[in-house]
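The structure appears below as structure tokens.
Just so you know, residue 1 is the first one in the sequence shown, and it goes up from there. Values in this document were obtained by computation on a predicted structure and should not be read as measured data. Because only heavy atoms are used, hydrogens play no part in the values below, and waters and symmetry mates are left out as well, while side chains stay in.
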Amino acid sequence: MIIKQALIVSGLALSAAFIPTLPVLSQVSLSCTVSTVGINFGTYDVFSTLPKDATGQVTYKCLEGSLLQPITISLSKGNSTTYIPRQMQKGSALLNYNLYLDAAGQSIWGDGTGGTNRYSSNLLTGTVIIYGRIPARQNVSAGTYADSITATLNF
């Protein structure tokens, strides 16, 4: 079964909508919910030599059944055509950023393709931190940049 949760990343924020689908050839009933807390990077300083970091989270809870396989959570590319980098937009202006499974920014959180990884767990409930990072020294104009990411819970 798949549940999708839309995430809005705004200078960065995350939001939600569910699209459940039914598993094929399964006699186990598993019901899940998912919610998100947005990422808001706040003010980005174009002169800073340090990246701008912020966090959000995905919380999931599955009931009534048992897992036949691990739960996975994938994050979409958002406005971008690739995961590396993701890009927030303000009109036609772009601000590069990315989302990670780890605080060090080594494991890009995506769908398992193009050098990305998915979150995976055998737990029926959990809260997973989304680590966001805007690289330093990007020459962008002032204003609010945003992106919309979809989190997909597969179980």
Side-chain angles (χ1 to χ4, degrees), residues 1-21 30-46 48-90 94-138 140 143-155:
M1 184 173 283
I2 299 172
I3 295 180
K4 292 186 178 183
Q5 172 85 27
L7 309 176
I8 301 198
V9 182
S10 145
L12 231 37
L14 306 174
S15 74
F18 305 109
I19 305 172
T21 59
L30 186 63
S31 170
C32 296
T33 60
V34 63
S35 63
T36 59
V37 173
I39 298 172
N40 188 335
F41 285 105
T43 303
Y44 176 75
D45 180 357
V46 297
S48 176
T49 58
L50 300 174
K52 180 76 173 183
D53 293 336
T55 61
Q57 66 185 38
V58 176
T59 300
Y60 66 92
K61 184 174 186 177
C62 298
L63 306 168
E64 300 176 20
S66 61
L67 293 175
L68 299 177
Q69 61 190 12
I71 286 171
T72 62
I73 301 173
S74 300
L75 298 183
S76 71
K77 297 173 189 167
N79 292 325
S80 306
T81 57
T82 65
Y83 284 104
I84 306 168
R86 285 182 168 100
Q87 296 176 317
M88 288 183 273
Q89 293 181 301
K90 180 193 78 164
L94 301 173
L95 178 62
N96 294 336
Y97 79 101
N98 225 320
L99 303 173
Y100 301 90
L101 286 163
D102 62 311
Q106 299 299 308
S107 181
I108 295 172
W109 194 340
D111 65 0
T113 64
T116 69
N117 296 292
R118 295 180 296 179
Y119 171 80
S120 181
S121 176
N122 289 316
L123 300 176
L124 288 173
T125 62
T127 297
V128 188
I129 302 297
I130 302 170
Y131 297 94
R133 175 169 288 165
I134 302 173
R137 308 284 298 177
Q138 293 184 64
V140 294
T144 301
Y145 290 77
D147 195 2
S148 180
I149 301 294
T150 300
T152 304
L153 175 69
N154 296 288
F155 56 98

Ignoring hydrogens and angles, write down the donor-acceptor pairs under 3.5 Å from the side chains of residues 107-115, residues two or more places apart or on other chains.
residue : atom : partner : partner atom : Å
Ser107  : OG   : Asn117  : ND2          : 2.9
Trp109  : NE1  : Ile73   : O            : 2.9
Asp111  : OD1  : Thr113  : N            : 3.0
Asp111  : OD1  : Thr113  : OG1          : 2.5
Asp111  : OD2  : Tyr83   : OH           : 3.4

Side-chain donor-acceptor contact under 3.5 Å, Asn98 with Arg133: no

Exercise: identify the closest heavy-atom pair between Pro85 and Ser80: O-OG, 3.6 Å

Drop me the distance from [X]'s [atom1] to [Y]'s [atom2], to the nearest 0.5 angstrom.
X: Leu101; Y: Gln106; atom1: CG; atom2: CD; result: 12.0 Å
X: Leu50; Y: Asp45; atom1: CG; atom2: CG; result: 9.5 Å
X: Thr116; Y: Leu99; atom1: OG1; atom2: CG; result: 11.5 Å

Worked check of side-chain contact (heavy atoms from CB on, under 4.5 Å) between Ile129 and Tyr119: CA-CA 10 Å; Ile129 302 297; Tyr119 171 80; over 6 Å; no

Give a yes or no on whether the backbone of [Y] and the side-chain of [X] come within a donor-acceptor separation of less than 3.5 Å.
X: Gln138; Y: Asn96; answer: yes
X: Thr82; Y: Ile84; answer: yes
X: Tyr44; Y: Val140; answer: no
X: Lys52; Y: Thr43; answer: yes

Any residue meeting side chain to side chain contact (heavy atoms under 4.5 Å, CB included) with Thr125, in chain and number order, not counting sequence neighbours: Lys61

side-chain contact (heavy atoms from CB on, under 4.5 Å) between Val58 and Ile130, worked out: CA-CA 7 Å; Val58 176; Ile130 302 170; 3.6 Å; yes

Side chain to side chain donor-acceptor pair (under 3.5 Å) pairs, two or more places apart, involving residues 67-78: Thr72-Asn154

Intermediate values then yes/no, side-chain contact (heavy atoms from CB on, under 4.5 Å), Leu95 and Met88: CA-CA 5 Å; Leu95 178 62; Met88 288 183 273; 3.7 Å; yes

